[in-house]
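For reference, the structure is listed below as structure tokens.
Just the heavy atoms: all of them, side chains too, but no hydrogens, waters or symmetry mates, feed the values below. Quick note on labels: first sequence line is chain A, next is B, and so on, each numbered from 1.
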2 protein chains.
Amino acid sequence: MNDSCSVRLQIFLQLQAVNKDLCSKFETCFGASTSRVEILHYLLQHGEVPQSSLQKEVNIDAAAVTRHLKQLEAAGTIVRYKKADDQRATWVKLDDEAQRHIEQSYQEKSQFIEETLADFSEEELQQFLHMLSKVSDNVSRVTKQHLGGEK
Amino acid sequence: MNDSCSVRLQIFLQLQAVNKDLCSKFETCFGASTSRVEILHYLLQHGEVPQSSLQKEVNIDAAAVTRHLKQLEAAGTIVRYKKADDQRATWVKLDDEAQRHIEQSYQEKSQFIEETLADFSEEELQQFLHMLSKVSDNVSRVTKQHLGGEK
DNA sequence: CCCATATAATTGATACATCAACGATTGATA
DNA sequence: TATCAATCGTTGATGTATCAATTATATGGG
């Protein structure tokens with residue numbers, strides 16, 4: 001474990017630690033798990049969508065999405081239904097009232113997000129986002145390379 | 001949800017996504033969960049330690065640490081024992097042979113870490129680490145402020 | 001029309017993290 | 001010294017993410 005790698009490992013561990021802390025506080029602040037917020041956020045932006053899209057584009061396993069949706073449906077937060085032309089696909093959208101409630105709640109809670117990224121200039125934010133994207137690209141590339149090389 | 005918050009929310013979501021991907025590939029590459037690697041890394045750097053230190057300084061719940069250590073002990077990777085002067089504290093250290101194996105394995109696998117952070121200059125790495133630390137600080141500060149304010 | 005295949009969603013098994021409660025040991029103090 | 005509090009580690013209950021297998025539906029080629 002040489003030095004240049006050690007800095008990188010530190011970044012990796014720090015990334016994990018920050019993410020875990022952030023999720024934890026986020027959940028207590030929003031009153032919902034980050035996964036659930038991610039799903040709701042997607043629905044808020046896309047309106048009515050096929051469940052399959054949700055399952056593909058949200059970074060959560062399809063099985064987990066199914067289970068979240070079942071709970072959200074039971075709570076009346078979302079509605080699910082099929083259309084005549086395809087009995088496989090399930091469509092999902094926010095319940096109207098729930099949507100209004102979520103929009104309002106987002107405004108109240110947006111302060112949390114702003115505070116966790118306080119003392120960042122707009123330029124730094126862009127840089128940060130860019131770095132994250134770069135890591136993301138690297139990760140997906142590494143996978144393909146290593147798929148054959150690893151046991 | 002105004003614009004400045006939207007960038008921030010995007011960063012948050014991206015942070016999660018990157019972390020999840022990274023962990024997933026990391027695990028298949030290292031053949032051990034990131035939590036376990038974190039524990040082993042700590043032990044590699046600190047030698048013999050009281051279990052309580054491990055539980056405090058590693059970013060994992062104490063109960064989870066206990067369970068990992070039990071498995072690692074069963075596998076012969078670590079050794080646990082008590083000392084005469086305090087029957088509460090348990091001491092933990094890597095098994096000698098396991099330690100050699102891990103050190104060697106780290107060298108083999110360090111390529112993975114390097115590749116995920118490829119195309120980063122040393123300066124960028126420092127910046128990245130600095131940003132993560134800043135977020136970390138902000139998060140812990142926010143918690144305290146909000147403890148009273150949130151329901 | 002029949003069959004192979006693809007797609008959509010779900011379920012079961014498993015693993016892990018967290019919280020809360022607990023038992024054991026130690027230290028401090030009245 | 002008897003008791004109360006603190007510390008250390010563990011366990012049980014719970015929630016959730018993941019993978020693999022499964023069911024139901026749709027589609028395309030012989």
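The two atoms that bring A:N59 and B:K20 nearest to each other are O-NZ, 2.6 Å, heavy atoms only. When all heavy atoms of B:S140 and B:D137 are compared, the closest pair comes out as OG-O, 2.9 Å. Contact detail for B:Q55 and B:A62: the closest heavy-atom pair is NE2-O, 3.2 Å.
Toward the 5′ end of DNA chain C lies the nearest nucleotide of B:R36, the other residue of the pair B:Q87 and B:R36 mapping further downstream.
Just one residue in the list A:L54, A:T34, A:I78, A:L44 forms a side-chain contact (heavy atoms from CB on, under 4.5 Å) with A:I39, and that residue is A:L54.
Residue contacts for A:S33: at a heavy-atom cut-off of 4.0 Å it reaches no nucleic acid atom on any strand shown. Residue A:Q71 is in sugar-phosphate contact alone, with no base atom involved, counting any heavy-atom pair closer than 4.0 Å across all strands shown. Within 4.0 Å (heavy atoms only), A:S24 reaches no atom of the nucleic acid at all.
Remark: C:dC19 base-pairs with D:dG12. Criterion, Watson-Crick or G-U wobble with two distances under 3.5 Å.
No more than 12 heavy atoms of other residues, nucleotides or ligands shown are found within 6.0 angstrom of CD on A:E97. Counting non-hydrogen atoms of other residues, nucleotides and ligands closer than 6.0 Å to CD of A:E123 gives a total of 12 or fewer. The number of heavy-atom neighbours closer than 6.0 Å to NE2 of B:H46, taken from other residues, nucleotides and ligands shown, is above 12.
Evaluation of the ring pair (Phe, Tyr, Trp, His ring centres under 6.0 Å) rule for B:H130 yields no partner, not counting sequence neighbours.
Reading DNA chain D from its 5' end, the first and the last nucleotide to sit under 4.0 Å from a heavy atom of chain B are D:dA6 to D:dT18.
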Nucleotide by nucleotide, nucleotides 1-10 of chain C touches protein heavy atoms under 4.0 Å in the pattern (B base, S sugar-phosphate only, - none) -----BBSSB
